[in-house]
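Report on the structure given below.
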Amino acid sequence: MSFARYSVFKPVTVLMIVCSVLVLGYISLQRLPLALLPDISSSRLTVFASYPSSSPAEVERDITRPLEEVLSTLNNLEKIQSTSSSTGSMVRLEFVSGANMDLVSLEVRDRLDQVRNRLPEEVERVTIRRWQSSDSPVFRFAVGWNGQREDLYGFMQEVLIPRLERIDGVANVEVRGVDPKQILIDLDPVRLQSRGVDIFGISQALRANNLNVSGGYVIDGDRKYSLRTVGEFGSVEEIRDFPLRGGRLTLGDVANVRFDFPEEDSFSRLNGRDSVTVVVYKAAAANVVGVCRDLARELERLEQHPQYSGLFGVQIFRDQSEEITKSIDDLTR
């Protein structure tokens, strides 16, 4: 029996099949992930080692050359280029087209672990930078703050960021423009010179006495106890009373020690108020449109909350879902 004849004699069955296809198609369309750009991964990697207050020649000798030696043996490496400056070393790696960059990144991290003991102790971190289209933020907004700036950091860390990170599909939330309080030590050159104390000696003494050190083990019968010497500073007063030169001086005699916000070198304002910028990244398999809409609704609920009403204002200036829906509407028309 032909399909046409079957359709004539079995109209209900054919109608049910067509309705099922339409319903499944509609459900699939609603759940189809939307993205502005396809997943694109560059075949280049950049390795950066920060080493400020040094000369380019010193950076090349102590950092760049060891990095080049260990990275030049990577598989599928096509080109290597390095730059040494007074702020650190940057090594650019270019691999052949089609190389598995996820595996390459793991190999690079393994090589950096091998050469880590050859680098100066002042190099605390070596970063790997790799461009991927999925790494770009999907949501960006500014928060204007009406209260004291000292309370802004606590609000961002304790209220805003946790509420945004709980949204399904949000991978990471970054805040730019506000720094936490730090221990600031302002040395007085006149008092240092009059007491014969040098900055390098103070730095070395503080670093050597601000440590938690393992003290070994104690075995008592069938039990084994781990010992640990806790030597980190616990308060500003301990740092201020830190002895220098055999206890004849303290750090407070030659410096002003305080727990305060670092000096601002840039300022951000929103409608005449202090503001910070918040950047949101999505998870790999998340729907951009759904994540952005949930973020906008959460911000609106937070602004209308009685506890925070009038305390802050939000200005959204990058919503990737709007670009996606506009592109789809243009395609539909």
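None of the values given here were measured: they were computed from a predicted structure. Numbers here simply count residues along the sequence, with the first being 1.
Atom CG of Asn117 has more than 12 heavy atoms from other residues, nucleotides or ligands within 6.0 Å. The local environment of CD in Glu121 is sparse, with at most 12 non-hydrogen atoms from other residues, nucleotides or ligands closer than 6.0 Å. Counting non-hydrogen atoms of other residues, nucleotides and ligands closer than 6.0 Å to CZ of Phe317 gives a total above 12. The environment of CD in Gln193 is sparse: at most 12 heavy-atom neighbours from other residues, nucleotides or ligands sit within 6.0 Å. The 12-atom threshold is not exceeded at CZ of Arg125, counting heavy atoms of other residues, nucleotides or ligands nearer than 6.0 Å.
The hydrophobic cluster containing Val314 also contains Leu302, counting ILVMFWY residues as joined when their side-chain heavy atoms lie under 4.5 angstrom apart, directly or transitively. Note on Leu112 and Phe48: separate hydrophobic clusters, where clusters join Ile, Leu, Val, Met, Phe, Trp and Tyr whose side-chain heavy atoms are under 4.5 Å apart, directly or indirectly. Cluster annotation: Val280 is connected to Val276 through the hydrophobic network of ILVMFWY side chains, with a link wherever side-chain heavy atoms come within less than 4.5 Å. If you chain together hydrophobic residues whose side chains sit under 4.5 Å apart, Leu45 and Leu103 never meet in one group. In the hydrophobic clustering of ILVMFWY residues, with side-chain heavy atoms under 4.5 Å counting as a link, Tyr308 and Tyr153 come out together.
Counting only heavy atoms from C-beta outward, the side chains of Arg92 and Arg44 never approach each other to under 4.5 Å. In this structure, the side chains of Leu74 and Phe95 come closer than 4.5 Å at one or more pairs of heavy atoms. Two residues are said to be in side-chain contact when any heavy atoms from C-beta on lie closer than 4.5 Å; Val173 and Val279 fail this criterion. Between Val104 and Asn100 there is no side-chain heavy-atom pair separated by less than 4.5 Å. Proximity of Val126 to Leu119: side-chain heavy atoms (C-beta onward) are separated by under 4.5 Å at one or more points. The side-chain heavy atoms of Pro243 and Leu249, taken from C-beta on, include no pair separated by under 4.5 Å. Using a 4.5 Å heavy-atom threshold, the side chains of Leu93 and Gln81 count as separate. Counting heavy atoms from C-beta outward, Trp145 and Arg273 have side chains that stay 4.5 Å or more apart.
Under the ring pair (Phe, Tyr, Trp, His ring centres under 6.0 Å) criterion, Phe141 pairs with Phe139, not counting sequence neighbours. The side chain to side chain donor-acceptor pair (under 3.5 Å) check on Asp151 picks up nothing, with sequence neighbours excluded. Residues that satisfy the salt bridge (Lys or Arg N to Asp or Glu O under 4.0 Å) test with Asp253, not counting sequence neighbours, are absent from this structure.
The two residues Tyr51 and Glu122 make their nearest non-hydrogen contact at CE1-CB, 3.6 Å. Between Glu94 and Leu77, the shortest heavy-atom contact is O-CD1, 3.6 Å. In plain terms, the two heavy atoms of Ser43 and Val96 that are nearest each other are CB-O, 4.4 Å. For the residue pair Glu298 and Ile167, the shortest heavy atom distance occurs at CB-CD1, 3.8 Å. Pairing each heavy atom of Val143 with each of Leu270, the nearest pair is C-CD2, 4.2 Å. When all heavy atoms of Arg240 and Val257 are compared, the closest pair comes out as NH2-O, 2.7 Å.
Within the model, atoms CG of Leu187 and CD1 of Ile199 stand 5.5 Å from one another, a figure rounded to the nearest 0.5 Å. Atom CD of Gln315 and atom OG1 of Thr277 lie 11.5 Å apart (nearest 0.5 Å). A distance of 9.0 Å separates CG in Asn256 from CG in Leu184, rounded to the nearest 0.5 Å. Summarising the geometry, atom CG belonging to Leu192 is positioned 9.0 Å from atom CG belonging to Leu244; distances are rounded to the nearest 0.5 Å. Atoms CZ and CG, on Arg195 and Asp188 in that order, are 8.5 Å from each other to the nearest 0.5 Å. Of the inter-residue distances, the one linking Ser72 atom OG with Ile80 atom CD1 reads 6.0 Å to the nearest 0.5 angstrom.
Contact check on Glu69 versus Arg118 returns a salt bridge, with a Lys/Arg side-chain nitrogen under 4.0 Å from an Asp/Glu carboxylate oxygen. Ion pairing between a basic and an acidic side chain is recognised when a charged N comes within 4.0 Å of a carboxylate O; Asp330 and Lys326 show such pairing. Using a cut-off of 4.0 Å between Lys/Arg side-chain N and Asp/Glu carboxylate O, Arg297 and Asp294 are scored as salt-bridged.
Test Arg176, Glu174, Met156 against Val278 for side-chain contact (heavy atoms from CB on, under 4.5 Å) and you get one pass: Met156. The residue from Glu68, Arg65, Glu60 that alone fulfils the side-chain hydrogen bond (donor to acceptor under 3.5 Å, both in side chains) condition with Ser82 is Glu68.
Ring centers of Phe312 and Phe155: under 6.0 Å apart, within the cut-off.
For Ser84 and Arg61, the side-chain atoms include no donor-acceptor pair closer than 3.5 Å.
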From CA spacing to verdict: salt bridge (charged side-chain N to carboxylate O under 4.0 Å, His left out), Asp168, Lys282 = CA-CA 9 Å; Asp168 187 27; Lys282 75 174 186 69; over 6 Å; no
query = Do Leu295 and Val170 pass the side chain to side chain contact (heavy atoms under 4.5 Å, CB included) test, and can you show the C-alpha distance, the side-chain angles, and the key distance before you say yes or no?
reply = CA-CA 9 Å; Leu295 287 168; Val170 173; 4.0 Å; yes
CA sep, side-chain torsions, deciding dist, call: Glu238, Phe233, side chain to side chain contact (heavy atoms under 4.5 Å, CB included) = CA-CA 6 Å; Glu238 289 185 12; Phe233 294 114; 4.2 Å; yes
task = Verify side chain to side chain contact (heavy atoms under 4.5 Å, CB included) between Leu251 and Leu206, making sure each step is shown before the conclusion.
result = CA-CA 10 Å; Leu251 185 60; Leu206 288 173; 4.2 Å; yes
ask   = Would Ile202 and Val254 satisfy side chain to side chain contact (heavy atoms under 4.5 Å, CB included), going step by step from the backbone distance to the final call?
value = CA-CA 10 Å; Ile202 294 177; Val254 295; 4.3 Å; yes
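For the pair Asp198 (side chain) and Gly201 (backbone), a donor-acceptor distance under 3.5 Å is present. One N or O on the side chain of Arg111 and one on the backbone of Val70 form a donor-acceptor pair closer than 3.5 Å.
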